[in-house]
Amino acid sequence: SSTTELEPIDLRAYWRIVRKHLAGIVGLAIAVGILALLMANSRTPIYTATTKISIEQVTPKTIGLNDLSYYSMRNYPGTQYELIKSRSVAEKVVENLRLWEYPYFDAPPKPATFSIAGLIGLVRGEGVPKEKLSPEQKEVRLKESLISMVQGGIRISPIEDTFIVRLSFSSPDPKLAADVANEVVDAFISQKYELRYEELQKVSKWMDESLGNVNKKLESSQAKLQEFRNRESIVNIGEGGATDFMDQRLGLISSSLLETRVKVNELRNLKRQAGRFKDMSMDEVLNNQSIYKHPTLSELKNKEIETSRRVRELANRYGPKHPKMIDANKELEIIQARYRELIPGVIRGIDEDYSIARQNLASLQREYDALKKEVQTINKKEFELQKLQSEVESNQRMQELFLEELKQTRMTSSFEMDKVRVIEPAMVPGGPSAPNKNRFVMMAVLSALIVGIGLAFLVEYLDQTLSL
């Protein structure tokens, strides 16, 4: 068979190699462990102080729930964390604690000791004085470095499904770590109050200025309205104003004009027949129906028709000598006699009546045209008046709106702040959080054992190769 069989792994051979070089492997591990212990003891211990705070978002009372979108609620915690780590908060911490006066930072520098890191820094040119600074410049640089230290040393870890956040700060000085952690919270809360106050001041100032402008517009519009009323001498008559009053007058004159126009037409027709009436006998004139269109005779004609109808009705009931029949026939004779009295004068006065009617018609037409122009003028004035009144009402509504909003802003906005509460203040840590000496030494010893075993196999392999 051409298949090559793999040789089984001989673990006992490997164990023999380890036992052969066991002393060297153990010695390397012990040496590395001692070195790691020395390095761990030489490192500056770091202390971490932690405080717990609750940050809850408050829904403003002046807006609806829909105004807080899902994205604004989701991004709210991250925004607050960045505000906590902002430079402005770090500046407040440095100023409030006066960190540049802390013994830890104000202590004189320790004499330099030999180290590999120091040697490398010396080669790079670090630690060599570059320039001389005045005390003020030194203090400014120290404050800047302290601000950067505080800003970069803040650690935030939110607790899942809660509003609670762990805020930590690490420092070689345990008391400094606790002071900075607590002061960061105080500075953050103070900053929120200051920002809210500035915001309210800006809003209030803007609303005061806007209200002042609205008041000026209202006063200006009211002055224009009053000046227009005085100039045009506008007086309201009833609820409808002057327009309704003038419309009523115009309607009455229009009715009179129409009646006069009909009267003129009737007299015109009579005037055309006046010459023929003079040549007719009285009976012929009485039988001509056009004569009865004269205003003087038309009313008498209506009375004659009514009396004739009544005579016919009485004739059906009574005899000719009945008193009612006698009275009715007598009344009809009086009307006919009245015709004979009036018709000669009517025929003679047709020309004069026609002339008077035309004069009345012309007078009514002139009055109607003048009143119509006056109504048009009043309509224009009322349109301008309504325009000015609408402007005044609009400015009044705007003023009321601004006053209400300003009142609501001053009464409720001061309470619409996010709730930031300290759950657990930071305490001075009892022990360092770094370095973890046990872990560091154990990892170093474990790494040395692995390296030692690897070197043992490498030496054994080289021995076998050279022996061949």
Side-chain angles (χ1 to χ4, degrees), residues 235 237-316 324-325 327-383:
V235 179
I237 302 177
E239 295 182 358
T243 303
D244 290 348
F245 176 74
M246 298 301 292
D247 286 343
Q248 292 176 2
R249 285 186 57 195
L250 194 64
L252 293 175
I253 294 176
S254 178
S255 299
S256 300
L257 187 63
L258 181 61
E259 293 175 359
T260 305
R261 197 172 278 126
V262 172
K263 183 178 179 181
V264 168
N265 291 334
E266 291 176 349
L267 290 173
R268 183 185 295 114
N269 293 332
L270 289 175
K271 185 175 181 301
R272 291 172 183 171
Q273 300 181 26
R276 291 190 299 110
F277 289 151
K278 292 177 182 179
D279 297 333
M280 292 180 182
S281 64
M282 180 59 65
D283 292 335
E284 289 176 338
V285 173
L286 289 174
N287 292 328
N288 193 324
Q289 297 298 319
S290 61
I291 191 66
Y292 298 108
K293 293 181 178 180
H294 192 280
T296 304
L297 300 179
S298 61
E299 184 177 353
L300 190 62
K301 182 65 175 176
N302 293 333
K303 190 174 182 181
E304 180 190 12
I305 293 172
E306 177 64 24
T307 305
S308 298
R309 183 185 62 76
R310 189 154 50 85
V311 169
R312 286 193 299 271
E313 291 178 353
L314 292 174
N316 294 330
K324 290 186 177 181
M325 281 293 297
D327 292 340
N329 287 326
K330 187 176 181 180
E331 183 178 355
L332 186 60
E333 291 174 359
I334 293 173
I335 291 174
Q336 291 174 351
R338 183 64 177 164
Y339 276 138
R340 294 179 183 277
E341 294 176 2
L342 293 176
I343 285 176
V346 167
I347 293 174
R348 289 192 302 270
I350 286 177
D351 290 341
E352 184 179 355
D353 292 341
Y354 177 70
S355 177
I356 293 173
R358 287 190 61 189
Q359 291 176 4
N360 291 338
L361 179 63
S363 176
L364 286 173
Q365 187 65 50
R366 287 193 298 271
E367 185 178 0
Y368 178 83
D369 293 340
L371 188 60
K372 187 176 180 180
K373 291 181 180 179
E374 187 176 354
V375 169
Q376 292 175 346
T377 303
I378 290 177
N379 285 337
K380 292 179 180 178
K381 291 181 180 180
E382 283 212 345
F383 175 78

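Fair warning: this is a prediction, and the values are worked out from it, not measured in the lab.
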>> Holding to side-chain contact (heavy atoms from CB on, under 4.5 Å), I want the full list of residues that pass it with S308, two or more places apart in sequence or in another chain.
In response: E304, R312, L332
>> Distance check, rounded to the nearest 0.5 Å: K372 atom NZ versus Q365 atom CD?
In response: 9.0 Å
> Nearest 0.5 Å, what's the CG-CD1 distance between D369 and I253?
Replying inline: 10.0 Å
>> List the residues meeting side-chain contact (heavy atoms from CB on, under 4.5 Å) with N360, not counting sequence neighbours, and say none if there are none.
In response: T260, I356
> Do you see a donor-acceptor pair shorter than 3.5 Å between the side chains of N329 and E333?
Replying inline: no
> Taking only residues two or more places apart in sequence, or in another chain, which ones meet R309 in a side chain to side chain donor-acceptor pair (under 3.5 Å)?
Replying inline: E306, E313
>> Using the side chain to side chain donor-acceptor pair (under 3.5 Å) criterion, which residues pair with R310? Sequence neighbours excluded.
In response: E331
>> Checking D327 now: which residues fulfil side chain to side chain donor-acceptor pair (under 3.5 Å) with it, not counting sequence neighbours?
In response: none
>> Show the nearest heavy-atom pair for residues V311 and M325, with the distance to one decimal.
In response: O-SD, 3.9 Å
> With E367, which residues qualify under side chain to side chain donor-acceptor pair (under 3.5 Å), at least two apart?
Replying inline: none
> Roughly how far, to the nearest 0.5 Å, is CG of L364 from CG of L371?
Replying inline: 11.5 Å
